[in-house]
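Below: the structure, in structure tokens.
Note that the coordinates shown come from a computational prediction; the quantities given were computed from them, not determined experimentally. Excluded from the calculations below are hydrogen atoms, water molecules and symmetry mates; all remaining heavy atoms, backbone and side chain alike, are included. Sequence lines set the chain letters: A, B, ... in the order given, protein chains first and strands last, and positions in each chain run from 1.
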Number of protein chains: 2
Amino acid sequence: MSKPEGLHKQAVTMRDVAQAAGVSQSTVSRVLSGTEGSILIGEETRQRVLETVASLGYFPNLHAGSLRGQKTRMLAMMIADIGNPFYHPMVRAVQDVAHEHRYDVMIANTDHTSVGERLFVESVIRRPVDGVILVPYHMVKADFDRLIARTGAAVAVLGQHIDHPQVDTVYGNDDQALFEAISWLVCERGHRRVGLIGVTNEHSVGVRRRSAFVEALRQAGLAIDPALFTLGDWTESSGYRAAQQLLALPEPPTAVFAVNDLMAIGAMEAIQSAGVQVPQQMAVMGFDDIPQATWVRPRLTTVAQYPAEMGRWLATALFERIRGEFDGAGRRFEVKCRLCQRESA
Amino acid sequence: MSKPEGLHKQAVTMRDVAQAAGVSQSTVSRVLSGTEGSILIGEETRQRVLETVASLGYFPNLHAGSLRGQKTRMLAMMIADIGNPFYHPMVRAVQDVAHEHRYDVMIANTDHTSVGERLFVESVIRRPVDGVILVPYHMVKADFDRLIARTGAAVAVLGQHIDHPQVDTVYGNDDQALFEAISWLVCERGHRRVGLIGVTNEHSVGVRRRSAFVEALRQAGLAIDPALFTLGDWTESSGYRAAQQLLALPEPPTAVFAVNDLMAIGAMEAIQSAGVQVPQQMAVMGFDDIPQATWVRPRLTTVAQYPAEMGRWLATALFERIRGEFDGAGRRFEVKCRLCQRESA
DNA sequence: CGAATTACCGCATACGATTGCATGAACAGA
DNA sequence: TCTGTTCATGCAATCGTATGCGGTAATTCG
């Protein structure tokens, strides 16, 4: 208590290197940052400093640079749930690109809640980073403005509904893909009663997918039966419960569409447990095409998104802004979804 | 270029709050850190400061505190591959505990490589954090010493082979569980030829599991056939290839054990593709009990580990050290593995 | 040989927040 | 009225690094 002492004693600082090499601290800094052109350092001195750095095992402290307003060498990523396999290829792609630039990545889960998203933004305000990758479900333009104004970070977003002049966006044509998938289900496959396992309207994506679903049925001239609309929360177990609900109906559907694969897999589990054959008695269709979609039997018919490609694009766009190679208006990049016809529908 | 300007202009600092409230910056600090007892702040002043903080929307800058040697409010986590479902419950548990303490979590993948692990340690030296969670495959005692000496961070490790006085360790009795699982396979199930899908001996865990496997066969009085030992790299596709190798043998095994579920699932895929029935013609067994083990058909017989419990324990132990509630010798916590008999063996 | 460059390098400051110490006011007791 | 005490607040140093500016030695040129 007498000395502050700090939690993190840094063994060797730039000052130590300077002292050991018999130069000033600023010289060490200039040798290491290597700002060529402006200030020159004698070759002899440079060598001596570099040797001292190596022998002492010195590493620069990134906290100091962050405080000075330099680069933080850090990215923050906001996703709904690291447990959902859909995010893995995206997270991996972001981490890999970041790693190539010698950046670290901080990851936070929101569990699809708006309070989770708000906490994330505050956490980035508290600890500014160079770049932010978001998969938002609730944030509105004001939130993006606040984030950018308060941190100065580059921002890249996954989602269809974001439209902000300074953020780059990658999105899939998932509404249209969903529309086509349902149309295929009713027109080609002749299903007249299709159940939906959706999510609450709090999620903008939930609203959009529901509308696309309804529109597809309408265009096919089918009646809309509210009993066929069930709600899940993106998890496997919620899909299981929703399917049980549909099975218990007086007149159950002949096909079920879930707005993500996790719920579709849960639904299939429930349907098979009830002794109902998939797809003969009840077809099942998902969305995302997670790797596990081909692990289940029957293999899941679904709509593929390409999270790895999306993640790579997001991170690359971010670094172009961070490195100052681009600072124009927000760019948009569409990744086309694709129907994967497999065995479950 | 004329002004340094910095990359991250901080909109509102403590100085701004102080100015707006008509007090000194240190007073604002004292109001916010709320060091009760030692220093008193007048109630009137305190209220005025708090109101100003709220109206300006001020948040403290964590980089500054980190530099001063205060808490960084950040954890670093090193895992092999975020794409492996085994890690998800663990990562989620760590994130959840961290979130309760208002901490952020940085996550890095090593892909089981030693260079990846070394880079992670260096990255933590560069940007010290309060706590580090490791799932190492290569690190030795000297690396832990270096990490602790250079950062002063609390360290918690998952794995059986770590023994360091200052790090807390959680481990499963996986060698023994594996031994029992194989014994069950050969004694109860009567398999005389069991193939192994293992990993290279570079991974300490690979060595251990291989030994346990061999020992089980030996005690059952079975001959050791080197042709039955194949190598994978923990991924599904490598399991697929390894199984193809076993199938191509003049005398293929009647059972296959993979040292993780991902490879077991890949193996099952290959076996079924070859038209061989699981488990009638060839049994398959995995290790980990990832959620997806029950998604495949037949459901995978495997040995369960409890990554969520492990993650929770690791993070909790870490915070006990960070908060100074514990600073004794390294603690050890064993999580018992359990054989999950399902349909594939 | 003296002056003007040029090439190197150090000093001092700033980033934002914490904290030991000093200072000032108010107040009580003598 | 003077001194001592308590309470509330301000001043300034500090963490590690980057950088504008000023200073010194070496070199060149007239």
Which comes earlier along DNA chain D counting from the 5' end, the contact point of B/Ser26 or that of B/Ala64, where each point is its nearest nucleotide? B/Ser26
Find which nucleotide of DNA chain C each of B/His63 and B/Thr27 is nearest to by heavy atoms, and output the residue with the more 5' nucleotide. B/His63
Rounding to a whole Å, what distance do you find between A/Leu62:CG and D/dA18:C1'? 14 Å
A/Gln47, CD atom: more than 12 neighbouring heavy atoms under 6.0 Å: yes
Taking the inter-plane angle between the rings of A/His101 and A/Phe319 on a 0 to 90° scale, is it parallel (under 30°), tilted (30 to 60°) or perpendicular (over 60°)? parallel
Determine the interplanar angle of the B/His203 and B/His112 rings, folded into 0 to 90°, and report it as parallel if under 30°, tilted if 30 to 60°, perpendicular if over 60°. tilted
In whole angstroms, how far is the C1' atom of D/dA8 from the CZ atom of B/Arg30? 9 Å
Taking atom C1' of C/dC15 as reference, at what distance in whole Å does atom CG of B/Asp16 sit? 13 Å
Tell me whether B/Thr72 contacts the main-chain N or O of B/Asp130 through its side chain, where contact means a donor paired with an acceptor under 3.5 Å. yes
May I have the distance from B/Ile41 (atom CD1) to C/dA25 (atom P), rounded to whole angstrom? 18 Å
Measuring from the side chain of A/Thr13 (C-beta onward, heavy atoms only), which nucleotide among D/dT17, D/dT19, C/dG16 has the closest atom? D/dT17
What is the distance, rounded to the nearest whole Å, between atom CG of B/Leu32 and atom C1' of C/dG16? 13 Å
Round to the nearest Å and state the distance from A/Gln25 atom CD to D/dA18 atom P. 8 Å
Return no unless some side-chain N or O of B/Ser29 is found under 4.0 Å from OP1 or OP2 of C/dT18. yes
Which atom pairs, donor and acceptor, lie under 3.5 Å between side-chain atoms of residues 324-332 of chain A and protein residues at least two apart or in another chain?
| residue | atom | partner | partner atom | Å |
| --- | --- | --- | --- | --- |
| A/Glu325 | OE2 | A/Arg323 | NE | 2.9 |
| A/Arg331 | NE | A/Asp168 | OD1 | 3.2 |
| A/Arg331 | NH1 | A/Glu320 | OE1 | 2.5 |
| A/Arg331 | NH2 | A/Asp168 | OD2 | 3.1 |
| A/Arg331 | NH2 | A/Ala317 | O | 3.4 |
| A/Arg332 | NH1 | A/Ile162 | O | 3.2 |

Could you state the atom-to-atom distance from CZ of A/Arg126 to C1' of C/dG16 in whole Å? 15 Å
Along DNA chain D (nearest heavy atom to each residue), the more 5'-positioned of B/Leu67 and B/Gly22: B/Gly22
In whole angstrom, give the distance that lies between atom CE of B/Met14 and atom C1' of C/dA14. 17 Å
From D/dT17, C/dG16, C/dC21, nucleotide with atom closest to A/Pro60 side chain: D/dT17
